[in-house]
Structures are given as structure tokens and as C-alpha cells.
Amino acid sequence: MADELYDRLADIFNLIGYGSRRSPELEALLKSLFTQEEAHLAVNLSPMAPESPGKLAGRLNLDADRAARMLDEMADKGLIYSSTRDGEKWYKLLQLVPGIFELQFMKGEVTERAKELARLFDAYFHA
């Protein structure tokens, strides 16, 4: 089930972005970036137009407050785009490249997580 979820996420990134291709390297990268719960939200989040947490929560039969907290956390991690409309946050899925890749390293932090992501992105780009 989890592998199918990450395959769906890879397919979405292929449609909206640079042209990701399914590979063991991409699966390892996506599993490092997205928890299963985050991947579930991501594959159901619009990649085209931002939407409210309430709309996504309604579609997935989730608690709207919990969905909003998770989406905020995902935006803080550089996995999705967040904007504000009329005082309400809206979200959409980002492309893997350009998008998520750059946001993982913009802070310039040299942490074990950043090193692992750099290794995974490198393996993916050179596969």
C-alpha cells in the first residue's frame, strides 16, 4: 500500500514538473521527504490551484483543523506551497524540481537530514 502511494506521488511529480521518473532512487527520496500521512495528503492536494484545508479535509473526510496543522507542517518543511487569501491559508503541491529540491537547502543548514537529502537527490539525479 505504501509503495503504491509513493508511486502515485511520483506520477504526479512527473505530470507537473521537470519529469521525474519512477526509480528506486526516487522512491527512497520521496519516502525520506514525505511520511505516509503527508504523502496521502500530497497526492490529494491540487498541484494546479491552491485550495483551503477545509476543502481538502472535506474531500478526504478528515478533521479540518488536523488537516490545516499537517499542511502547515508540510509547508514549513518545504514540501508544499502556502499562501494567504482573505486571512485564510491555502495550499498546493509543489513540483519536485524546481520547487521542493531548492526549498530543502535554502536555509543553508548543514544537518544530518540535509546531508541525507543531498545524497538522495544526488542518487536520483544520477540514476
Side-chain angles (χ1 to χ4, degrees):
M1 177 75 171
D3 290 342
E4 180 181 307
L5 180 62
Y6 290 101
D7 285 346
R8 288 178 53 206
L9 189 55
D11 290 343
I12 291 168
F13 286 133
N14 187 44
L15 289 173
I16 67 170
Y18 179 68
S20 61
R21 65 210 171 285
R22 282 192 196 178
S23 67
E25 294 81 11
L26 178 59
E27 184 175 339
L29 175 61
L30 293 178
K31 285 180 176 180
S32 183
L33 288 167
F34 293 86
T35 66
Q36 284 188 34
E37 198 171 19
E38 291 169 342
H40 178 67
L41 287 181
V43 299
N44 288 286
L45 189 62
S46 172
M48 301 302 168
E51 60 184 322
S52 69
K55 184 175 180 180
L56 177 66
R59 200 167 54 247
L60 298 177
N61 198 25
L62 298 173
D63 175 71
D65 290 335
R66 172 139 173 74
R69 282 191 305 275
M70 287 189 61
L71 292 168
D72 273 340
E73 290 170 10
M74 291 171 69
D76 288 345
K77 289 172 61 177
L79 301 177
I80 61 175
Y81 171 79
S82 172
S83 63
T84 303
R85 282 188 197 167
D86 300 322
E88 183 181 19
K89 285 192 173 179
W90 289 56
Y91 305 87
K92 78 178 204 67
L93 189 60
L94 287 169
Q95 297 174 176
L96 187 59
V97 176
I100 293 173
F101 171 76
E102 289 80 4
L103 291 173
Q104 300 311 300
F105 305 107
M106 283 179 58
K107 294 179 183 177
E109 299 172 337
V110 181
T111 64
E112 289 306 312
R113 170 115 174 110
K115 289 176 186 179
E116 176 66 7
L117 286 174
R119 187 189 66 70
L120 290 167
F121 271 109
D122 185 62
Y124 169 65
F125 290 140
H126 293 99

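- Between Phe101 and Phe125, the gap from one ring centroid to the other is short of 6.0 Å.
- Contact detail for Ala67 and Ala57: the closest heavy-atom pair is CB-CB, 4.0 Å.
- Remark: Ile100 CD1 to Phe105 CZ distance equals 11.5 Å, nearest 0.5 Å.
- Between Leu79 and Leu94 the shortest side-chain heavy-atom distance does not fall below 4.5 Å.
- With values rounded to the nearest 0.5 angstrom, Glu25 atom CD is found 10.5 Å from Asp122 atom CG.
- Remark: of the listed residues Ile12, Asn14, Leu33, Leu9, Leu33 is the sole one forming a side-chain contact (heavy atoms from CB on, under 4.5 Å) with Leu96.
- By the 4.5 Å heavy-atom criterion applied to side chains, Arg113 and Ser32 are counted as neighbours.
- In this structure Ala75 satisfies the side-chain contact (heavy atoms from CB on, under 4.5 Å) test together with Ile80, Ser82, Tyr91, sequence neighbours excluded.
- Cluster membership for Trp90 and Leu60, using ILVMFWY side-chain heavy atoms within less than 4.5 angstrom, is not shared.
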Evaluate the criterion side-chain contact (heavy atoms from CB on, under 4.5 Å) for residue pair Tyr124 and Val97; output intermediate values, then yes/no.
-> CA-CA 12 Å; Tyr124 169 65; Val97 176; 5.6 Å; no

Check the pair Phe13, Leu30 against side-chain contact (heavy atoms from CB on, under 4.5 Å), reporting the backbone distance first and the verdict last.
-> CA-CA 11 Å; Phe13 286 133; Leu30 293 178; 3.6 Å; yes

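- Electrostatic pairing of Glu4 and Arg8 does not count as a salt bridge here, judged by no charged N lying under 4.0 Å from a carboxylate O.
- Applying the side chain to side chain donor-acceptor pair (under 3.5 Å) test to every pair with at least one member in residues 40-49, sequence neighbours left out, gives no pairs at all.
- Residues Leu5 and Phe34 are not in side-chain contact: their nearest non-hydrogen atoms beyond the backbone lie 4.5 Å or more apart.
- In the hydrophobic clustering of ILVMFWY residues, with side-chain heavy atoms under 4.5 Å counting as a link, Tyr6 and Leu117 come out together.
- Using a 4.5 Å heavy-atom cutoff, the side chains of Lys89 and Leu71 are not in contact.
- Considering all non-hydrogen atoms of both residues, Arg22 and Ala10 come closest at CG-CB, 4.2 Å.
- Between the Tyr81 side chain and the Gly99 main chain, no donor and acceptor come within less than 3.5 Å of each other.
- Applying the salt bridge (charged side-chain N to carboxylate O under 4.0 Å, His left out) rule to pairs touching residues 35-54 yields Glu37-Arg66, Glu38-Lys77, Glu51-Arg59, sequence neighbours excluded.
- The shortest side-chain heavy-atom distance between Val110 and Lys115 falls under the 4.5 Å cut-off.
- The two residues Leu41 and Met70 have their closest heavy-atom pair at CD1-CE, 3.5 Å.
- When every heavy atom of Ser52 is checked against every heavy atom of Glu88, the shortest pair comes out as CB-OE2, 3.5 Å.
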Under the salt bridge (Lys or Arg N to Asp or Glu O under 4.0 Å) rule, what do Arg69 and Glu73 come out as? Steps first, then yes or no, please.
-> CA-CA 6 Å; Arg69 282 191 305 275; Glu73 290 170 10; 6.0 Å; no

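- A salt bridge links Arg119 to Glu116: at least one charged side-chain nitrogen sits closer than 4.0 Å to a carboxylate oxygen.
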